[in-house]
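Data block below; observations after.
Below, all heavy atoms of this structure are taken into account, side chains as well, without hydrogens, waters or symmetry copies. Position 1 is the first residue of the sequence; numbering continues from there.
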Amino acid sequence: MATQTGISGREAEVLSLVGEHLSNAEIAGRLFISVRTVETHVSSLLRKLGAADRRALAQLAAEWSRAGRGGRAAPGLPSPVTRFVGRTREQAGLAAALREHRQVSAVGPGGVGKTRLALAVAAQAAGDFPDGVWFIDLVPITDPAMVGSAVAGAVGVGEQQGRGLDESVLAALADRHALLVLDNCEHVRDGVAPFLERLLAACPRVSVLATSRARLVVPFERVHPVPPLSLTGDGESEAVALFLERAAAVGWPVAAEQHEQAAEICRRLDGVALAIELAAARLPTLGLDGLAAVLGDQLRLLTGGARADDRHRSVRAMLDWSYDLLDEADRTLLRRVAVFVAPFTADAAARVAGTGELDAFAVMDGLARLAEQSLLVAAPATGGTRYRALETIRQYGVERLAGAGELPGVRLRHLQWCGASAAGLAEDPRPADGTWRARFDAIADDLRAALGWAAGAAEHRADGYRLAIALAELAFTRNLVGEAQQRYEQAGGLAGDDALAAAALSRAAAVAGCRLLGDDMYRLHRAAAGAAVRAGDKAGAARAMAAAATTAYRFSGTFTRLPPDEEPAALLAEARELGGGDPLTEAALALAEAAVVSDAFGSDQGPSDNAVAATLAAAERAVELARRAGDPLAVSAALDSLAGARSWAGDSFGAAATARSRIEMLCAVPVAPASMLELTDALVSGVDTSLGVGDLATARGWARRLAELPLLAEVGHLGLSWLLTVDALAGEADAVLDAGGRFLEAWERTGRLRAARLGAPAAAVAMIHALRGDDSSRARWLAVADRLGATPERAVGYGAVFDATVLLHRGEVASALARVEAEPEAVWKWVTWIWLHWYVGLRAEAAALAGHPQARARIESARKVVAGNPIAAAQLDRAEAILDGDRDRVRATAEAFAAAGCPYQAARSHALADLDGV
């Protein structure tokens, strides 16, 4: 099948995943290829299959064997169902403007043909933009804040953790040489203008071609007026050519001797494309003579006045005429379906418009007739035909709906349909698969539009609250985490009850945590506390204040600006005063005390003089109270503090056991923002603590789960970071170098964000290059670690381990000994997290190879620390055998290393056994 359409095997794989409504980064993660490679395949598929856009490509995925019908000059652009006619001069002028300016706006009244002209010019210019031409229809967008989301959906970009969706789009396009075609900008100019300003500043090789009824008023905008079709040449004019083309399309070809009569009709319609198309659609019922006679009466009002006004009035007159020619049932249907902002099914239309005299059959029959009259566009889609109205006609329908006094009632039925559709998605037993994502994407714009209407109608704020909560939950499932947070916050504002507002804001805080936005998380917990206070819920307010205080320490690495030290302490004090008594509040207060007072999480701003025993006691108390409360998420957070405290105390096995029990418990908790935040954090802790005790198999398994989490799909470097560290310590060089390339590509695609946590995996890749003798690559990766924000304090542990490993590999024993000379107890607590066992094992081996007088003492001391760690124990056995000069025992340790999944150290045992002096 692939060969019939010229689709390669890899393209078929990409197509299948596009059909699951995955972003480019998600596809790259599934196929272990770069995002840029995915972009290339998607562009190729759009061209080969003639798909209108990414959504259409997803619909074709299940039936792509039908592809290849018709061509298109550029991927990413819709394939019009009718031929583009005329406009040679306008096309040349707009193309020239686009070559000379990065932002061009094609401006003209509704129905004049801006979209078709822009598409023709974009297709012609496609060869000048090697990274793609992308079409973004803004008609379904009713919230100006969602413009960036529409662009992201068109180009296949998802939200990157630590930044909003708009910023993610800018980062993804920063080095791309691409063209964006933004269609129908006028109703969301307040969102388009600021987005374009930022886009053009951040993405120097991206150009924008916009269509709008009014200029966008952004810096460097080049406005290109779009006039009506030319009327010169009478029977041979561009306007007549369009009329003849559309007449033939409806089965009513116009004879040559009638071209002058057609020209007169086009003159009366001022050459406006939409008016001409509507007139041509009536030829089968009126004929040319009848059409000319009707229009002669209908358009007499077009005398006097400015021509621009006439053009508006000609469209309006043609819409009035077309509307009046419909029977009453079809008029009712046309105005009622105008509330849909996205393509809709006959079933949806029946539920919203099918009341009174319109039953389901009448709706289905009426939709077909409206499509025949060019008042609706019908298009095949997965699950059946979908209908849509051109924006000019949709706006006309809304006006007619308001004039008939039906607008509030139909809006309400649309809102109710949206609520029922959202509930149906929420109840789906198999959420988040490709079918579910397609269903969500098909109705999401209507959900947003209905929510916008309800939020602005005082009598429907309660309905708006419920829909906002539903949309937030669906958006989170769809991995639109930025929108999920936005909708939870919106629900908080719509809630008529402060207790409901507090709950919504708390969920918004959890989503912010999933996004690695500590500042937002802290702000929202405080906002939830305020709402709880207003509701008279002292215990709820105390929990929210305690959560905010805990966040400042537990998630300190995700803050842009940490709050002053006294602020979390004040919140904790106020929370204590407000309440307690119930188990859950007591657990929250205990966790906040472990964080703020005892620094159980090892935060950057934590006190430097806290005692190990006191920290352990605080964490253990938090766990005890959380278990008493019976809330698994509270238990998880408390166990996180206990793992940190145990690690700092040097109890690496206790920390690993704590992390394991936490993960096992969370696997049984339903997916929600708070549970996903806990699970992600628990998996990170699980990888780190398993590495700390030499359990590479468990660490790798959890690292793979992290890499596969949808939350991390758009930050592939973060998802890969734990695998890189595990494989580097194992010595799996090929795996590290392959994943390292993808890590670097993903990091660069996200704008090279600083993330100190990623210094360790970057340094791990540097170590592998050094072990292969590639010092220049090692230097490049160490520079990457520096740019990621690695600090000397954070690098104390992994820096010593990686450096000492390299130095020992090179036989520079004295330098290695100096690198790990410090007593473990004298090194700050970062060493005791992952790196304690690795550190003491290397320290003992370096001492043995150097013949250090304290070598045996170091080996024996280390054995007490690492007992149970298969890798560290084998390393100490090897060090002792080196001291004893027993080559056979040195060689025998290779088997232990191999069993522990550490091939590098196994090979090193054989190499050391062959050295002179051993």
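Note that CG of L718 and CG of L712 are 5.0 Å apart. Values are rounded to the nearest 0.5 Å. Note: L849 CG to L807 CG = 12.0 Å, rounded to the nearest 0.5 Å. Note: L517 CG to T560 OG1 = 7.5 Å, rounded to the nearest 0.5 Å. Atom CG of D631 is separated from atom CG of L584 by 5.5 Å, given to the nearest 0.5 angstrom. Once rounded to the nearest 0.5 Å, the distance linking CZ of R889 with CG of L883 reads 9.5 Å. Rounded to the nearest 0.5 angstrom, S909 OG and R887 CZ are separated by 13.5 Å.
A centroid separation of 6.0 Å or more is found between the aromatic rings of W648 and F601.
Between T680 and C514, the closest side-chain pair of non-hydrogen atoms is not below 4.5 Å. Contact of the E593 side chain with the R621 side chain is registered, since non-hydrogen atoms from C-beta on lie closer than 4.5 Å. Put simply, the side chain of T658 does not reach to within 4.5 Å of the side chain of V623, judged on heavy atoms. A heavy-atom distance below 4.5 Å is not found between the side chains of V669 and L679. Put simply, the side chain of Y798 does not reach to within 4.5 Å of the side chain of I834, judged on heavy atoms. Side chains of E714 and Q161 form no contact here, defined as non-hydrogen atoms less than 4.5 Å apart.
Taking the six-membered ring for Trp and thresholds of 30 and 60 degrees, W781 and H769 have nearly parallel ring planes, at less than 30 degrees apart.
Minimum heavy-atom separation, R819 to A804: CG-N, 4.4 Å. Annotation for A713 and E26: closest pair CB-CG, 3.1 Å, computed over non-hydrogen atoms. What you find for L729 and W838 is that their closest heavy atoms are CB-CH2, 3.9 Å. In terms of heavy atoms, R705 sits closest to C667 at NH1-SG, 3.6 Å. Between M767 and F802 the shortest heavy-atom distance is SD-CD2, 3.5 Å. Of all heavy-atom pairs spanning R627 and L639, the tightest one is NH2-CD2, 3.8 Å.
The backbone N or O of F555 lies less than 3.5 Å from a partner atom in the side chain of T558, making a donor-acceptor pair. Between the side chain of D520 and the main chain of A512, no donor-acceptor pair closer than 3.5 Å is present. With hydrogens and angles ignored, the 3.5 Å screen pairs no side-chain donor or acceptor of S647 with any backbone N or O of A643. One N or O on the side chain of T805 and one on the backbone of V801 form a donor-acceptor pair closer than 3.5 Å. The backbone N or O of A862 lies less than 3.5 Å from no partner atom in the side chain of R843, so there is not a single donor-acceptor pair. No donor-acceptor pair closer than 3.5 Å links the side chain of T698 to the backbone N or O of S690. Within the 3.5 Å criterion, the main-chain N or O of D888 finds a donor-acceptor partner in the side chain of D886. Side chain of R891 to main chain of H910: no donor-acceptor pair is present (N/O by atom type, distance under 3.5 Å, no hydrogens or angles). Judged purely by atom type and a 3.5 angstrom limit, S598 has no side-chain atom pairing as donor or acceptor with the backbone of T615. Side-chain atoms of S556 do not come within 3.5 Å of backbone N or O of A552 as any donor-acceptor pair.
Sorted by first and then second residue, the pairs that involve residues 716-730 and meet side-chain hydrogen bond (donor to acceptor under 3.5 Å, both in side chains), not counting sequence neighbours, are R700-D727.
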Identify each donor-acceptor pair in which a side-chain atom of residues 770-779 lies under 3.5 Å from a protein atom, sequence neighbours left out, and give them as a table.
{"unit_1": "D774", "atom_1": "OD1", "unit_2": "S776", "atom_2": "OG", "d": "3.0"}
{"unit_1": "D774", "atom_1": "OD1", "unit_2": "S777", "atom_2": "N", "d": "3.1"}
{"unit_1": "D774", "atom_1": "OD1", "unit_2": "S777", "atom_2": "OG", "d": "3.2"}
{"unit_1": "D774", "atom_1": "OD2", "unit_2": "S777", "atom_2": "OG", "d": "2.6"}
{"unit_1": "D775", "atom_1": "OD1", "unit_2": "R810", "atom_2": "NH2", "d": "2.2"}
{"unit_1": "D775", "atom_1": "OD2", "unit_2": "R810", "atom_2": "NH2", "d": "3.3"}
{"unit_1": "S777", "atom_1": "OG", "unit_2": "R780", "atom_2": "NH2", "d": "2.8"}
{"unit_1": "R778", "atom_1": "NH2", "unit_2": "D803", "atom_2": "OD1", "d": "3.3"}

For residues 731-738, which side-chain N or O atoms pair as donor and acceptor with protein atoms under 3.5 Å away, sequence neighbours left out?
{"unit_1": "D738", "atom_1": "OD2", "unit_2": "R742", "atom_2": "NH2", "d": "3.3"}

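For R754, the side-chain hydrogen bond (donor to acceptor under 3.5 Å, both in side chains) test picks out no residue, with sequence neighbours left out. Scored by the salt bridge (charged side-chain N to carboxylate O under 4.0 Å, His left out) test, E586 finds no partners at all (sequence neighbours excluded). Here R863 pairs with E860, D877, E880 under the salt bridge (charged side-chain N to carboxylate O under 4.0 Å, His left out) rule; sequence neighbours left out. In this structure E895 satisfies the side-chain hydrogen bond (donor to acceptor under 3.5 Å, both in side chains) test with no other residue, sequence neighbours excluded. With sequence neighbours excluded, the residues satisfying salt bridge (charged side-chain N to carboxylate O under 4.0 Å, His left out) with D640 are R554, R662. Partners of E845 under the side-chain hydrogen bond (donor to acceptor under 3.5 Å, both in side chains) rule, at least two apart in sequence or in another chain, are Q875, R878, R908. A search for ring pair (Phe, Tyr, Trp, His ring centres under 6.0 Å) contacts involving F653 returns H837, not counting sequence neighbours. When the ring pair (Phe, Tyr, Trp, His ring centres under 6.0 Å) test is applied to H809, the partners found at least two apart in sequence or on another chain are Y904. The side-chain contact (heavy atoms from CB on, under 4.5 Å) search around R628 returns E624, L625, not counting sequence neighbours.
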*L788 vs W747, side chain to side chain contact (heavy atoms under 4.5 Å, CB included): CA-CA, chis, key distance, verdict*: CA-CA 9 Å; L788 282 162; W747 178 58; 3.3 Å; yes

*Would you please test I871 and D695 for side chain to side chain contact (heavy atoms under 4.5 Å, CB included) and show each step?*
CA-CA 8 Å; I871 296 173; D695 186 356; over 6 Å; no

*Starting from the C-alpha separation in whole Å, work towards a yes-or-no answer on side chain to side chain contact (heavy atoms under 4.5 Å, CB included) for V684 and R757.*
CA-CA 11 Å; V684 172; R757 169 68 178 80; 4.1 Å; yes

_The test is side chain to side chain contact (heavy atoms under 4.5 Å, CB included); show your working for L666 and L633 and say whether it passes._
CA-CA 8 Å; L666 288 169; L633 300 185; 3.9 Å; yes

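Partner of S652 under the side chain to side chain contact (heavy atoms under 4.5 Å, CB included) criterion, chosen from V865, L691, V693, T689: V693.
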